[in-house]
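Everything below concerns the one structure shown next.
These figures come from a predicted structure and were not determined experimentally. Numbers restart at 1 for each chain; the letters A, B, ... are given by sequence-line order, proteins then strands.
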2 protein chains.
Amino acid sequence: MSPADPRAVDPRASVGRATMRDVAALSGVSLKTVSRVVNHEAGVSPEVRDRVTRAVAQLDYTHNVHASNLRRTSGRTGTVGALLQDLSNSFSASLLRSIEDVARDASTAVLAGSLDEEADRERVLVKDLVSRRVDGLVLMPATSRQEYLAGELRAGLPVVFVDRTPHGVDADSVTVDNLLGARQATQHLIGHGHRRIAVLSDLVEIETAAQRVRGYREALAAAGITSDPALERTGLRTAASAEHEVRTLFREGPAPTAIFAARNDLAAGTARALRSLGLSHEVAVVGFDDFPLADLLDPPLTVVRQNVTQIGAEVGRLLFSRIAGDTAPPRRVVIEPTLVPRGSGEIPPR
Amino acid sequence: MSPADPRAVDPRASVGRATMRDVAALSGVSLKTVSRVVNHEAGVSPEVRDRVTRAVAQLDYTHNVHASNLRRTSGRTGTVGALLQDLSNSFSASLLRSIEDVARDASTAVLAGSLDEEADRERVLVKDLVSRRVDGLVLMPATSRQEYLAGELRAGLPVVFVDRTPHGVDADSVTVDNLLGARQATQHLIGHGHRRIAVLSDLVEIETAAQRVRGYREALAAAGITSDPALERTGLRTAASAEHEVRTLFREGPAPTAIFAARNDLAAGTARALRSLGLSHEVAVVGFDDFPLADLLDPPLTVVRQNVTQIGAEVGRLLFSRIAGDTAPPRRVVIEPTLVPRGSGEIPPR
DNA sequence: TCGGCGGGAGACATCGTTGTCTGGTCCACG
DNA sequence: CGTGGACCAGACAACGATGTCTCCCGCCGA
């Protein structure tokens, strides 16, 4: 107990936080002994342990995991990164939540970030997370190629791609069969008699979006329907732009009898446009990706559902098995989406 | 360039990650010089700088911020924590996103977690975040009192409460005027002629929920309506439980002519129940807290809206001003919700 | 009485980096 | 030709903790 240390006299006078040194000084033991107590190591007499514990409480000491990890042999930080598209969107949010649940079981914290399809942001944030020495990384990439990750992968950083496959590097991924889902959606509409089917899609630079458009075209081709480029509206980033686009379609033509909205918020925009046009019950709509309340729209929205919880759990499982040391060749998990008919997709053509 | 170091011979042979030592050895300069180059400090000749930069690239060296922060004087980690209710729910997700945006401007990463109203989880996660030395903390508490935070607050940890005010400690908070919002919702229904108004609410142990029920009662009292305890259904945690409760109300009575659903997913459950009962256009509903697509329901849902983006931005602003050193007395920001009439709340009683 | 043994606790080096200080080189100037 | 000051670069300690080793002490059996 050194009276020279102001903290030993009055804990509140502390400038920064108390360290093991302070605890050691106050309890009159060595640094190493404090470490032993804090880490619940054996070989400390109950009496000393008690003295240290009291000092810890008195000084409001809290362990500094960064200093600890620096010295520790394991090299783990107990942190993973999750860089998704937009944390406020229900798909990314649900994904994050599932990852968080797996992480919690592994006593790991999650650093989360939104990429908003900005390639530069991805590179910057990945670099940042590597600097923070995350034990692993979940990535819904905004870049078209990820060669920049090669060094990290070689250094042993576990990376799991989600929703989109890696390009230029080999890594684990969990994706949905977008081609299949888009075919299902389009076939469903064709099966209900539609031949003039429009598709609304995100930027085709995004792999997922491109595949959905391809699935749409394949389904049309398979049914012997010539596709009309004027019915393909791509590059739509927001619900509002989808709404605008649908209005344009019906004002200027060529008016479709059905719409495949290849992302959830584009389906929402479509529903808004159709309602304002009074066509909600005239034009069929199938959306890609389910969302809360889709069943409560008027008419209830038929969607191709991706099981987000399953995807997230799969991502988490893969990531933590890699972190645990699994060095098997990269796995590419592909999950099959399912079509959920609810009403909007079963409207017949006029 | 020490050939004794295997990494200098073959970068791929590296066991762990390259450190400044390795870079220094490969480029034939001292450790400190590498540090200068990496941190873009002045006083390094272009030639040496170049040599170091090449070595950095060759070894895939990445800076270790934990070691760096440990030594640095500022003591900042460039990390904040956000412990919210449930990251997959649109309210928490939007909040997180807004906080993330403010954090990014401050070059700070966000550790996110869901508390699910579990008090123990809150205490464990807060402790974990403190161990990780976050620069600040956003908390949507699951505990009823937060005395356990006193030590951290004294040690200077900035904490901003969101959606719920602190109890037992003094700290910044950003909340919505729930009392006002609930009164607005109830008055709106009364104004449309209703006198038998049910309320659906979360656990009353949650401050927010309790205040909404109180606002409901106050509005009834102000209108001279005797409140009927049988119309108050509290402790509802999920959309499914709200759906079940509404069904029960109409099966066993006392059937209300209007419902105030005091949380967004309870409103969703209510809408489902009413639709299955064929009462969507007979019974008025006002929800608390807007959500995507509420305008697309049938009928469009009237809600009391909290401006989540504004709340999140306010939280971020407060947090980072504290981190920057603002030591003014704790601020309690209260944001006024606004009623958004859309249809469901304007249905007259039968 | 002495040596061996085992448990408790400390000394010391170290993790990867940065702050401080010192020292060496080179050129311009008087 | 000597000196002063830029300018570069390195040596050393320190951040807060842990791994390893050593030391001390008391107890046991011979």
Side-chain angles (χ1 to χ4, degrees), chain A residues 2 5 7 14-53 55-56 59-78 130-133 155, chain B residues 2 5 7 14-53 55-56 59-78 130-133 155:
Chain A
S2 137
D5 181 349
R7 194 149 28 225
S14 80
V15 185
R17 278 187 173 278
T19 70
M20 279 197 179
R21 254 173 103 88
D22 303 315
V23 176
L26 179 58
S27 49
V29 301
S30 82
L31 212 68
K32 179 68 219 201
T33 300
V34 177
S35 169
R36 275 192 268 259
V37 174
V38 169
N39 291 296
H40 304 104
E41 282 174 33
V44 182
S45 66
E47 178 210 5
V48 170
R49 182 176 300 277
D50 199 57
R51 204 145 35 102
V52 171
T53 308
V56 163
L59 295 176
D60 275 336
Y61 169 79
T62 57
H63 201 55
N64 182 331
V65 291
H66 296 133
S68 176
N69 285 328
L70 185 58
R71 186 63 180 87
R72 281 190 133 89
T73 28
S74 94
R76 298 264 172 81
T77 55
V130 170
S131 283
R132 292 172 189 275
R133 293 294 187 268
Chain B
S2 138
D5 182 348
R7 190 148 32 221
S14 82
V15 186
R17 278 188 173 276
T19 70
M20 280 195 179
R21 255 171 102 91
D22 303 314
V23 175
L26 179 59
S27 50
V29 301
S30 82
L31 211 71
K32 179 68 218 200
T33 299
V34 177
S35 168
R36 276 192 269 260
V37 173
V38 168
N39 291 295
H40 304 104
E41 283 175 30
V44 183
S45 64
E47 180 211 4
V48 170
R49 182 176 301 276
D50 198 58
R51 206 148 29 105
V52 171
T53 308
V56 163
L59 297 177
D60 277 335
Y61 169 79
T62 57
H63 201 55
N64 182 330
V65 293
H66 295 134
S68 177
N69 284 327
L70 185 57
R71 185 62 180 88
R72 280 189 136 90
T73 26
S74 94
R76 298 263 171 81
T77 56
V130 169
S131 283
R132 292 172 189 275
R133 294 294 186 268

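- Residue B/His63 is classed as a sugar-phosphate contact, given heavy-atom separations below 4.0 Å to backbone atoms only.
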*Tell me, with the steps shown, if B/Arg133 and A/Thr62 meet side chain to side chain donor-acceptor pair (under 3.5 Å).*
CA-CA 9 Å; B/Arg133 294 294 186 268; A/Thr62 57; 3.1 Å; yes

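- The two residues A/Val44 and A/Thr33 come nearest to each other via the heavy atoms CG1-CG2, 4.4 Å.
- When each of D/dA17, C/dG10, D/dG10 is scored by its nearest atom to the side-chain atoms of A/Thr33, the top-ranked nucleotide is C/dG10.
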Review item, nucleotides 12-15 of chain D N/O atoms under 3.5 Å of protein N/O:
{"residue": "D/dA14", "atom": "N3", "partner": "B/Arg71", "partner atom": "NE", "Å": "2.5"}
{"residue": "D/dC15", "atom": "O2", "partner": "B/Arg71", "partner atom": "N", "Å": "3.3"}

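- Between the CG atom of B/Leu59 and the P atom of C/dG16 there is a distance of 14 Å, rounded to whole Å.
- For the atom pair B/Arg49 CZ and B/Glu41 CD, the distance stands at 9.5 Å (nearest 0.5 Å).
- One can place CZ of A/Arg76 at 22 Å from P of D/dA17, the figure rounded to the nearest angstrom.
- Contact annotation: A/Ser30 reaches the phosphate of C/dG10 (side-chain N/O to OP1 or OP2, under 4.0 Å).
- Residues B/Asn64 and B/Thr19 form no side-chain contact, since every pair of their non-hydrogen atoms from C-beta on lies 4.5 Å or further apart.
- Using a 4.5 Å heavy-atom threshold, the side chains of B/His66 and A/Leu70 count as separate.
- Taking atom CZ of B/Arg132 as the reference point, atom C1' of D/dA17 lies 16 Å away to the nearest angstrom.
- Side chains of A/Arg21 and A/Leu31 form a contact here, defined as non-hydrogen atoms less than 4.5 Å apart.
- For B/Arg17 and C/dT17, the CZ to P distance is 11 Å, given to the nearest whole Å.
- With DNA chain D read from its 5' end, the first of the two nearest nucleotides for B/Val29 and B/Arg133 is the one closest to B/Val29.
- Two residues are said to be in side-chain contact when any heavy atoms from C-beta on lie closer than 4.5 Å; A/Arg36 and A/Val48 fail this criterion.
- A/Val34 places none of its side-chain heavy atoms less than 4.5 Å from the side chain of A/Tyr61.
- Computed from coordinates, the A/Asn69 CG to D/dG19 C1' distance equals 15 Å when rounded to whole Å.
- Within the 4.0 angstrom heavy-atom criterion, no nucleotide atom of any strand lies near B/Val65.
- Here C/dG7 presents its C1' atom at 15 Å from CD of A/Glu47, a figure rounded to the nearest Å.
- D/dA17 atom C1' lies 13 Å from atom CG of A/Asp22, rounded to whole Å.
- The shortest distance between side-chain heavy atoms of A/Met20 and A/Lys32 does not fall below 4.5 Å.
- Taking every heavy atom of residues 34-45 of chain A and every atom of DNA chain D, pairs under 4.0 Å involve A/Ser35, A/Asn39, by number.
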